[in-house]
Structure formats: C-alpha cells, structure tokens
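Here the structure comes first, spelled out in structure tokens, and everything after it is commentary.
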Amino acid sequence: MKFFKKGKKKDAQHIAQLSELTGKELAEEGLNQIALAIKARSIEIQPGKIFSDIYAHGDKPAGVPRFTYVMFSPTVQNEVIARCTIIYDSQKDGVGCWQIDWAVLEKYRGYNWGSTIAKKALTEFVNGMQRVFPNGFIVEAIVDQDNEASKKIAGSLIGDEEVILDENTGRNVHSYLKRF
C-alpha cells in the first residue's frame with residue numbers, strides 16, 4: 001500500500017482501504033512508507049535543528065503541509081526505527097490545528113523510542129512554527145481506545161485528554177489537545 005497514489009479511481013480505492021485501518025495501523029503504514037522512501041532515496045531528509053539524532057522531511061501531499069521526523073537504529077545502519085508525523089488538519093477557533101502521530105518498529109517497542117521521537121519531533125516543530133504562527137497553533141493527537149502505549153505518550157506530551165467517538169469507525173478514541 002502506498003500513500004497518495006496518482007489517479008482518481010485508484011485514489012478513491014486507496015482511501016477506502018485506509019479508512020478501514022485503525023489509527024495504530026495507519027501510523028505503522030506511515031512508518032513503513034517513509035522507511036521505503038528513504039531507502040529508495042526518493043525523498044530528502046534534513047538533520048534536526050535542535051536534535052542531531054532525528055531527521056526531518058517536509059512535503060505537501062494533496063496540498064496539505066506535512067512534516068515527518070525519523071530516528072535511525074543505533075545498531076543497524078540506515079534502519080528507520082521510529083517516525084513522527086505532524087500534518088495540518090483544520091482550524092479550531094481561528095487557530096491552525098495540526099495532527100501528530102508516531103510509530104515505532106515492533107522490535108524496538110518498549111524501549112522509550114515512541115516517547116523519544118514524539119518529544120523531539122514536537123520540540124523541533126514548535127521551535128520552527130512559533131516564528132511562522134506568532135498567534136499560536138494547536139497540536140492534537142488522536143489515539144485508539146486500546147493503544148495504551150500511545151495514550152501514555154500523548155498524555156505526557158500533550159495532556160488535556162478527552163474521549164470522543166470517531167464517527168468514521170464508530171469506536172471511541174482519545175483526543176489530546178495543546179495550544180502552543
């Protein structure tokens with residue numbers, strides 16, 4: 001599965017496939033896709049401005065600004081082990097709202113990589129965006145009901161938790177919002 005395929009018929013089919021995935025599955029698919037793109041050298045990544053152990057890629061799929069941050073394995077050369085993506089979503093009360101998510105390769109879970117990539121990526125993002133949006137912006141994480149690890153990360157990183165119904169899936173999700 002590839003994100004943002006060309007062709008309207010294929011786009012509609014792909015969107016239908018993606019809509020059936022949980023948030024966790026979508027995050028994992030995003031990790032796989034960015035790792036493949038880096039390996040194929042089809043995208044450029046830049047070292048972080050604050051943290052030297054994360055790399056960033058900015059793009060605008062379908063015209064929507066997106067920033068993706070990755071971390072590489074400390075032991076396996078060029079292996080992407082964690083990804084955090086921050087993508088523009090909407091306006092809330094006249095302020096831009098950005099969605100954040102993260103994923104870690106399964107064999108690296110339980111070692112704090114999810115928390116590390118999320119904290120470092122958000123720090124890099126906020127550092128860059130506060131100059132662009134002097135009136136501030138909102139960052140929101142939407143986490144599946146049963147994703148305990150990500151709920152813990154989002155609670156620590158963003159706080160302000162609210163349980164809401166995801167109208168697309170009919171399942172409860174946890175929303176975390178913070179204004180910067």
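- Across all non-hydrogen atoms, the minimal contact from A141 to A154 is CB-CB, 4.2 Å.
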- Using the salt bridge (charged side-chain N to carboxylate O under 4.0 Å, His left out) rule, take E28 and R109 through it: C-alpha gap first, then chi angles, then the decisive distance, then the call. CA-CA 12 Å; E28 290 171 351; R109 293 179 189 160; 2.6 Å; yes

- Item | Verdict with supporting geometry, I38 and F72, side-chain contact (heavy atoms from CB on, under 4.5 Å) | CA-CA 11 Å; I38 291 169; F72 291 92; 4.2 Å; yes

- Evaluation steps, side-chain contact (heavy atoms from CB on, under 4.5 Å), between I43 and I34: CA-CA 9 Å; I43 63 168; I34 194 80; 3.3 Å; yes

- Message: Test side-chain contact (heavy atoms from CB on, under 4.5 Å) on T116 and Y111; report intermediate values, then the result.
- Response: CA-CA 9 Å; T116 300; Y111 298 101; over 6 Å; no

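- Follow the hydrophobic side-chain contacts under 4.5 Å out from I142 and you never reach I158; the two are in separate clusters.
- A salt bridge does not link K151 to D144: none of the charged side-chain nitrogens sits closer than 4.0 Å to a carboxylate oxygen.
- Side-chain atoms of S42 come within 3.5 Å of backbone N or O of A37 as a donor-acceptor pair.
- Rounding to the nearest 0.5 Å places CZ of F67 at 11.5 Å from OG1 of T85.
- Contact annotation: the side chain of N172 approaches that of L165 to within less than 4.5 Å [non-hydrogen atoms, C-beta and beyond].
- Contact check for P61 versus R66: side-chain heavy atoms found under the 4.5 Å cut-off.
- H174 and E162 share no side-chain donor-acceptor pair at under 3.5 Å.
- The two atoms that bring L157 and A118 nearest to each other are CD2-CB, 3.7 Å, heavy atoms only.
- Between the CG atom of N127 and the OG1 atom of T123 there is a distance of 8.5 Å, given to the nearest 0.5 Å.
- In this structure, CD1 on I50 lies 4.5 Å from CD on E124, to the nearest 0.5 angstrom.
- By the neighbour-count criterion of 12 heavy atoms within 6.0 Å, atom CD of Q130 is densely surrounded, having more than that number from other residues, nucleotides or ligands.
- Side-chain contact check for M71 versus Y108: every heavy-atom pair is 4.5 Å or farther apart.
- In terms of heavy atoms, K92 sits closest to C97 at CE-SG, 3.5 Å.
- Taking each heavy atom of R83 and G30 in turn, the nearest pair found is NE-C, 3.4 Å.
- Contact between Y88 and G96 at its shortest, heavy atoms only, is CE1-CA, 3.8 Å.
- The shortest side-chain heavy-atom distance between M129 and I86 does not fall under the 4.5 Å cut-off.
- Hydrophobic clustering of Ile, Leu, Val, Met, Phe, Trp and Tyr side chains at less than 4.5 Å, counting indirect connections, keeps V173 apart from V143.
- Looking at L105, I45, L36, L31 one by one, the single match for side-chain contact (heavy atoms from CB on, under 4.5 Å) with V80 turns out to be L31.
- Atom CZ in F137 sits 5.0 Å away from atom CZ in F125 (nearest 0.5 Å).
- Annotation for Q91: atom CD counts as buried by contact number, over 12 foreign heavy atoms lying within 6.0 Å.
- Taking all atoms of both residues into account, the shortest heavy-atom contact from S115 to I153 is N-CD1, 3.5 Å.
- Contact of the P47 side chain with the S52 side chain is not registered, since no non-hydrogen atoms from C-beta on lie closer than 4.5 Å.
- A distance of 11.0 Å separates CH2 of W102 from NZ of K119, quoted to the nearest 0.5 Å.
- A continuous path of Ile, Leu, Val, Met, Phe, Trp and Tyr side chains, each step under 4.5 Å between heavy atoms, connects L122 with V132, placing both in one hydrophobic cluster.
- Atom CD in E140 sits 6.5 Å away from atom CG in D89 (nearest 0.5 Å).
- In this structure, the ring of F133 has its center no less than 6.0 angstrom from the ring center of F180.
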